[in-house]
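Here the structure is laid out as structure tokens; the discussion comes afterwards.
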Amino acid sequence: MRIIIADGYEEMSNKAAAIVRSQVVLKPDCVLGMATGDTPRGMYKELIKMYENKEVDFSEVSVFNLDEYCTLSRENEHSYYYYMNHNFFRYINVKKGNTFIPNGTAEDIEEECRNYELQIKNRGGIDLQVLGIGANGHIGFNEPDINFEAETHLVELDETTIEYNSRFFSSKDEVPTTAISMGIKTIMQSRMLLLLANGESKADAIYKAVKGKICPEVPASIIQLHPNATIIIEKNAAKLLR
Ligand code: GLP
């Protein structure tokens with residue numbers, strides 16, 4: 001596991017964007033796994049700049065997102081479908097047919113999960129998976145549990161996650177209580193992982209993920225077992241590591 005401590009949010013974002021760009025330069029038809037939340041916003045902005053400066057071309061790239069809320073339509077501004085289109089896809093030349101986000105309003109969620117796994121396999125698997133981390137140690141929406149969920153699955157969101165994510169909604173009651181998330185095996189099968197963490201609220205989760213016991217109560221701790229994982233930690237999120 002490579003650990004890079006960044007001096008600030010901008011440095012974290014720029015380094016992350018540089019790694020994503022390298023992946024696309026090395027393999028123009030690569031499969032990227034992407035994350036939502038506040039953490040990767042700066043990375044997306046930087047990648048858009050790189051695209052505008054013709055430093056990266058997404059025309060052959062496929063993108064799979066980690067997770068999506070159940071019950072929110074794709075037009076809902078809180079859906080991750082909306083987030084990805086508004087913060088990234090509409091500014092770059094990725095083909096719509098090459099972007100994949102679980103459909104949280106599918107009639108048969110289990111079938112949707114199986115199909116999502118199949119689509120990832122059909123594209124040859126994920127080359128580079130970007131991850132954020134929840135303050136409770138979640139990755140994607142894999143919440144702390146007594147076992148690791150392997151593949152894409154339906155999740156009951158933790159009370160703490162609902163509370164934390166309520167900042168994006170007008171009230172806590174509007175936050176969906178369930179979601180679809182790639183599983184731990186799906187994430188671990190990516191050929192490279194890039195985890196980003198920013199701010200003091202992530203310090204405890206980062207400490208446990210990096211130095212703690214590998215256990216499903218801290219889902220992010222599993223990345224200690226990944227053969228090619230890089231973590232870029234902004235200095236406040238790294239404060240317990242020193
Ligand atoms: C959310 C998402 C995760 C994200 C994490 C951290 O609930 N499901 O994919 O990485 O929580 O979010 P943020 O970057 O806003 O702190």
Side-chain angles (χ1 to χ4, degrees), residues 6 8-10 12-13 16-17 20 32-46 63-72 76-84 86-88 100-104 113 116 126 128-145 149 152-169 172 174-184 186-188 190 193-210 218-223 229-234 236-238:
Y9 180 73
E10 202 179 332
M12 180 201 78
S13 304
V20 174
L32 299 177
M34 287 299 184
T36 50
D38 278 335
T39 310
R41 284 182 201 274
M43 178 193 78
Y44 291 132
K45 282 201 181 119
E46 188 58 22
V63 180
F64 283 87
N65 263 74
L66 274 171
D67 47 17
E68 177 61 287
Y69 287 115
C70 287
T71 70
L72 299 188
N76 188 307
E77 58 178 330
H78 301 304
S79 73
Y80 290 162
Y81 182 90
Y82 188 97
Y83 172 108
M84 288 308 291
H86 280 255
N87 290 299
F88 193 39
F100 300 86
I101 299 174
N103 178 5
C113 294
Y116 204 64
I126 295 168
L128 169 62
Q129 176 66 58
V130 175
L131 298 167
I133 183 168
N136 65 1
H138 74 216
I139 44 176
F141 266 137
N142 290 278
E143 298 283 29
D145 206 341
E149 283 275 357
T152 303
H153 60 290
L154 176 68
V155 182
E156 295 276 339
L157 297 178
D158 256 26
E159 217 18 64
T160 53
T161 300
I162 294 172
E163 181 76 49
Y164 181 73
N165 287 359
S166 66
R167 71 196 191 282
F168 298 117
F169 294 78
K172 196 179 144 191
E174 279 182 29
V175 186
T177 55
T178 53
I180 295 177
S181 178
M182 279 186 197
I184 293 296
T186 329
I187 293 170
M188 289 296 280
S190 301
L193 296 180
L194 176 61
L195 188 142
L196 310 179
N198 172 58
E200 208 177 327
S201 65
K202 302 295 173 69
D204 184 53
I206 280 294
Y207 178 79
K208 289 179 181 152
V210 172
V218 184
S221 63
I222 196 78
I223 82 163
T230 297
I231 310 190
I232 310 181
I233 315 169
E234 172 276 331
N236 292 309

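Worth knowing before you read on, the calculation uses all heavy atoms, side chains too, and leaves out hydrogens, waters and symmetry mates. Along the sequence shown, residues are numbered consecutively beginning with 1. Note that ligands are numbered from 1 as they come in the structure, with each ligand's atoms numbered from 1 the same way.
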Suppose we measure from [atom] to each protein heavy atom; which comes out shortest, and what is that distance?
{"atom": "atom 4 (C) of ligand 1", "result": "Thr36 O, 4.0 Å"}
{"atom": "atom 9 (O) of ligand 1", "result": "Asp67 OD2, 3.4 Å"}
{"atom": "atom 11 (O) of ligand 1", "result": "His138 NE2, 3.0 Å"}
{"atom": "atom 16 (O) of ligand 1", "result": "Lys202 NZ, 2.6 Å"}

Please tell me if the side chains of Pro144 and Asp158 come closer than 4.5 Å, counting only heavy atoms from C-beta onward.
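In contact.
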Does a side-chain heavy-atom distance below 4.5 Å link Phe64 with Ser190?
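Phe64 does not reach Ser190 side chain to side chain.
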Between Leu66, Leu195, Ile133, Asp38, which one has a non-hydrogen atom sitting closest to atom 13 (P) of ligand 1?
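Shortest heavy-atom distance from atom 13 (P) of ligand 1: Asp38.
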Counting heavy atoms only, which of Ala35, Gly37, Gly140 comes nearest to atom 3 (C) of ligand 1?
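Looking at heavy atoms only, Gly140 sits closest to atom 3 (C) of ligand 1.
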Value rounded to 0.5 Å, distance of CG in Leu66 from OH in Tyr80:
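With rounding to 0.5 Å, CG (Leu66) is 9.5 Å from OH (Tyr80).
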Quick check on contacts: which atoms of ligand 1 are under 4.0 angstrom from a heavy atom of [X]?
{"X": "Tyr80", "answer": "1 (C), 2 (C), 7 (O), 8 (N)"}
{"X": "Phe141", "answer": "7 (O), 8 (N)"}
{"X": "Tyr164", "answer": "16 (O)"}
{"X": "Thr39", "answer": "13 (P), 14 (O), 16 (O)"}
{"X": "Gly132", "answer": "10 (O)"}
{"X": "Asn165", "answer": "1 (C), 7 (O)"}

Say whether, by atom type as modelled, one donor and one acceptor occur between the side chain of Asn165 and the main chain of Ile162 under 3.5 angstrom.
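No.
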Taking atom OH of Tyr164 as the centre, does the number of heavy atoms from other residues, nucleotides or ligands within less than 6.0 Å exceed 12?
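More than 12 heavy atoms, drawn from other residues, nucleotides or ligands, come within 6.0 Å of this atom.
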Heavy-atom neighbours of Glu156 CD exceed 12 at 6.0 Å:
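Atom CD in Glu156 is not packed in, count stays at 12 or less.
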Is the gap between the ring centers of His78 and Phe169 under 6.0 Å?
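Yes, the ring centres sit under 6.0 Å apart.
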Salt bridge or not between Glu46 and Arg41? Use side-chain N to carboxylate O under 4.0 Å.
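No, no charged N to carboxylate O under 4.0 Å.
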According to the interplanar angle, ranging from 0 to 90°, do the rings of Tyr82 and His86 count as parallel (below 30°), tilted (30 to 60°) or perpendicular (above 60°)?
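Aromatic pair Tyr82/His86 classed parallel.
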Against ligand 1, does Arg167 come closer than 4.0 Å with any heavy atom?
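Contact check Arg167 vs ligand 1: positive.
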